[in-house]
Amino acid sequence: LKKDLEIAEIKHGESANELIQPLTALADYYRSKGMIAQCEIHYKRAVDLSQKAMKPELMLLSKSLLGLGVSYTLQGRI
């Protein structure tokens, strides 16, 4: 996964939307291995790229979904 990200960075540039998927996949991997600091770095970068490419109404959707996820977590449903 790390190599996939490196290839995408070379092919598309370090700020390309095409990096969102490999960044998220690598972050998911790190999270599954309990490597929380590393997963946070990659999730944050994916979020930054996503926000730059996102229409305002989709930003509102993402904030609503985040709030829903937090409320489920607080209820012990996740």
Side-chain angles (χ1 to χ4, degrees):
L1 293 172
K2 196 172 187 180
K3 192 67 171 173
D4 292 340
L5 175 59
E6 291 171 2
I7 291 168
E9 286 175 327
I10 291 167
K11 185 176 179 181
H12 302 289
E14 292 187 7
S15 299
N17 293 341
E18 289 82 2
L19 301 182
I20 296 168
Q21 190 280 327
L23 283 165
T24 301
L26 187 55
D28 289 344
Y29 170 78
Y30 284 140
R31 182 177 41 87
S32 75
K33 298 298 181 188
M35 302 168 71
I36 305 305
Q38 290 88 341
C39 86
E40 180 183 6
I41 291 166
H42 292 83
Y43 279 138
K44 282 184 175 181
R45 189 168 167 213
V47 167
D48 287 344
L49 291 173
S50 296
Q51 285 178 332
K52 289 176 185 171
M54 197 178 287
K55 295 179 182 179
E57 57 273 13
L58 291 178
M59 279 295 292
L60 293 174
L61 173 61
S62 67
K63 289 179 181 181
S64 298
L65 290 170
L66 175 62
L68 185 60
V70 169
S71 68
Y72 284 169
T73 301
L74 293 173
Q75 295 174 42
R77 294 171 63 180
I78 294 180

Quick check: closest heavy atoms across [X] and [Y], and the distance to 0.1 Å?
X   : Y   : value
P22 : L5  : CB-CA, 4.1 Å
K2  : L26 : N-CD1, 4.0 Å
A27 : C39 : O-CB, 3.2 Å

Co-membership, hydrophobic cluster, residues [X] and [Y], 4.5 Å side-chain:
X   : Y   : answer
L60 : M54 : no
V47 : L61 : no
L58 : L65 : yes
L1  : Y43 : no

**OP:** Assess whether side-chain contact (heavy atoms from CB on, under 4.5 Å) is satisfied between K3 and I7, documenting all intermediate values.
**Re:** CA-CA 6 Å; K3 192 67 171 173; I7 291 168; 4.1 Å; yes

Original post:
Restricting to pairs with a member in residues 19-40, which pass salt bridge (charged side-chain N to carboxylate O under 4.0 Å, His left out), not counting sequence neighbours?
Top reply: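 Sorted pair list: D28-R31, E40-K44.
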
Original post:
Which residue pairs pass the salt bridge (charged side-chain N to carboxylate O under 4.0 Å, His left out) test when at least one of the two sits in residues 67-78, sequence neighbours left out?
Top reply: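 Residue pairs passing salt bridge (charged side-chain N to carboxylate O under 4.0 Å, His left out), neighbours aside: none found.
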
Which side-chain N or O atoms in residues 12-19 pair as donor and acceptor under 3.5 Å with protein atoms at least two apart or in another chain?
none

**OP:** Could you point out which residue of V70, L74, L68 forms a side-chain contact (heavy atoms from CB on, under 4.5 Å) with Y72?
**Re:**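 Answer to the side-chain contact (heavy atoms from CB on, under 4.5 Å) test with Y72 among V70, L74, L68: L68.
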
**OP:** Begin from the C-alpha positions of Y29 and Q38 and carry the test side-chain contact (heavy atoms from CB on, under 4.5 Å) through to its verdict.
**Re:** CA-CA 10 Å; Y29 170 78; Q38 290 88 341; over 6 Å; no

